[in-house]
Number of protein chains: 2
Amino acid sequence: MKNYVRDKRMAFGMTQDELSEKLDVSRQTIISLEKGKYNPSINLAFKLSRLFTCTIEDLFIYEEEEKDV
Amino acid sequence: MKNYVRDKRMAFGMTQDELSEKLDVSRQTIISLEKGKYNPSINLAFKLSRLFTCTIEDLFIYEEEEKDV
DNA sequence: ACAAAATGTAAAGCTAGCTTGACAATGAAG
DNA sequence: CTTCATTGTCAAGCTAGCTTTACATTTTGT
């Protein structure tokens, strides 16, 4: 799962701290998200897409996830 | 978070069991999802939207989540 | 009515998403 | 060079999403 959170955030001229406050999550969450440490919950994905006025599909690229079987 | 999983599934004439197999999740997950017991992960949301050939926004209605503060 | 299919419920357990806190590294500006 | 803002790392802990198993209820077909 790839995402454009960092790009969008910078396009909006926001710091990680500002973004985390607007979304009501911790700064750690933003850092980890941008670094691709894990995927956002669908709630966070919705919050981000609303803030950035785009769709979830625009912000997150689902790549036919490699199964770990 | 409201969702139209049940509607979509029936529109596609599938059983919960069939759907769970196609998505590679347990039947319990489908039941709980349809019953609104919890929100899907963004991965599951993507899988569902792909299968039903629609967007996540079409399938899930995010309702400015009531904060539990 | 009966059997089989589909849906639902309950409970215990694992892991990913998120939190908090403390501290390190990098960057920009005087 | 120092200071302050910004970004990053580490670690421990909580909870929501998902799993498995086993059994109960409802629906459907003959």
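Computed from a predicted model, the values in this text were never measured in an experiment. Proteins come first, then strands; the chains are lettered A, B, ... in the order of their sequence lines, and each starts at number 1.
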Please tell me which of the listed nucleotides, D:dC18, C:dG8, D:dT7, lies nearest to the side chain of A:Thr15? D:dT7
Got B:Leu59 and B:Asn3 here, is their nearest side-chain heavy-atom distance under 4.5 Å? no
Could you tell me how far apart A:Asn43 (CG) and D:dT15 (P) are, to the nearest whole angstrom? 17 Å
Go through the steps to decide whether A:Glu21 and A:Arg27 satisfy the test side chain to side chain contact (heavy atoms under 4.5 Å, CB included), and finish with yes or no. CA-CA 8 Å; A:Glu21 281 178 2; A:Arg27 191 170 62 90; over 6 Å; no
Can you list everything that forms a side chain to side chain contact (heavy atoms under 4.5 Å, CB included) with B:Ser41? Sequence neighbours excluded, please. B:Asn43, B:Leu44
Can you confirm whether B:Phe60 sits close enough to B:Pro40 that some side-chain heavy atom of one is under 4.5 Å from a side-chain heavy atom of the other? yes
Spacing between B:Asp24 atom CG and D:dT19 atom C1', to the nearest angstrom: 12 Å
Any N or O donor-acceptor pair under 3.5 Å from the base of C:dT9 to the side chain of B:Gln28? yes
Hey, does the side chain of A:Lys2 reach the backbone of A:Ile61 with a donor-acceptor pair shorter than 3.5 angstrom? no
For C:dC18, does OP1 or OP2 lie under 4.0 Å from any side-chain N or O of A:Ser41? yes
Measuring only between side-chain heavy atoms, which start at C-beta, is A:Ile42 closer than 4.5 Å to B:Tyr62? no
Applying side chain to side chain contact (heavy atoms under 4.5 Å, CB included) to A:Phe12 and not counting sequence neighbours gives A:Met14, A:Phe52, A:Thr53
Should B:Lys37 be listed as having a side-chain N or O under 4.0 Å from OP1 or OP2 of C:dT9? no
If I take atom OH in residue B:Tyr38 and atom P in nucleotide C:dA16, what distance separates them, rounded to the nearest angstrom? 16 Å
Which pairs count as salt bridge (Lys or Arg N to Asp or Glu O under 4.0 Å) when at least one residue sits in residues 32-41 of chain B, sequence neighbours excluded? B:Arg6-B:Glu34, B:Arg9-B:Glu34
Between the protein and nucleotides 28-30 of chain C, which nitrogen or oxygen pairs come in under 3.5 angstrom?
none

For the OG atom of A:Ser20 and the CD atom of A:Gln28, what is their distance to the nearest 0.5 Å? 10.5 Å
Under 3.5 Å between N/O atoms: give me all the protein pairs with nucleotides 24-29 of chain D, atom names plus distance.
none

Please list, in numerical order, the residues of residues 4-14 of chain A that have a heavy atom closer than 4.0 Å to any atom of DNA chain D. A:Arg6, A:Arg9
Can you sort out the partners of B:Asp58 under side chain to side chain contact (heavy atoms under 4.5 Å, CB included), two or more places apart, ordered by chain and number? B:Cys54, B:Thr55
Got A:Leu48 and A:Leu33 here, is their nearest side-chain heavy-atom distance under 4.5 Å? yes
My understanding is that only residues two or more places apart in sequence, or in another chain, count here; which of them pass side-chain hydrogen bond (donor to acceptor under 3.5 Å, both in side chains) with B:Thr15? none
Separation of D:dT20 atom C1' from B:Ile30 atom CD1, nearest Å, is 15 Å
Comparing B:Lys35 and B:Ile42 on DNA chain C - which has the more 5′ nearest nucleotide: B:Lys35
Note, A:Leu23 side chain near A:Ile30 side chain (heavy atom, < 4.5 Å): yes
Rounded to 10°, the angle between the first-five-pair and last-five-pair axes of the helix from C:dA1-D:dT30 to C:dG30-D:dC1 is 50°
Measure the distance from CG on B:Leu33 to P on C:dT9 and round it to the nearest whole Å. 14 Å
On the nucleotide D:dG8, are OP1 or OP2 found under 4.0 Å from the side-chain N or O atoms that A:Gln16 carries? yes
Go through it in stages, so that I can follow the logic: the residues are A:Leu19 and A:Leu51, the test is side chain to side chain contact (heavy atoms under 4.5 Å, CB included), and I'd like the CA-CA distance, side-chain angles, deciding distance and then a yes or no. CA-CA 9 Å; A:Leu19 180 56; A:Leu51 184 57; 3.4 Å; yes
Set of salt bridge (charged side-chain N to carboxylate O under 4.0 Å, His left out) partners for A:Arg50, sequence neighbours left out: B:Glu64
Treating Ile, Leu, Val, Met, Phe, Trp and Tyr as nodes and any side-chain heavy-atom pair under 4.5 angstrom as an edge, say whether B:Met1 and B:Tyr4 lie in one connected cluster. yes
Within this structure, what is the CG-to-C1' distance between A:Asn3 and C:dG17, rounded to whole angstrom? 14 Å
Can you pull out the residues from residues 48-57 of chain A that lie within a 4.0 Å heavy-atom distance of DNA chain C? none
Touch class at under 4.0 angstrom, heavy-atom based, for A:Ser26 against every strand present: base
Side chain to side chain contact (heavy atoms under 4.5 Å, CB included) against B:Tyr38, all qualifying residues, sequence neighbours excluded: B:Thr29, B:Ser32
Between P of C:dA11 and CD1 of B:Ile31, the distance in whole Å: 16 Å
Establish, with yes or no, whether the OP1 or OP2 oxygen of D:dG17 is under 4.0 angstrom from a side-chain nitrogen or oxygen of B:Asn39. yes
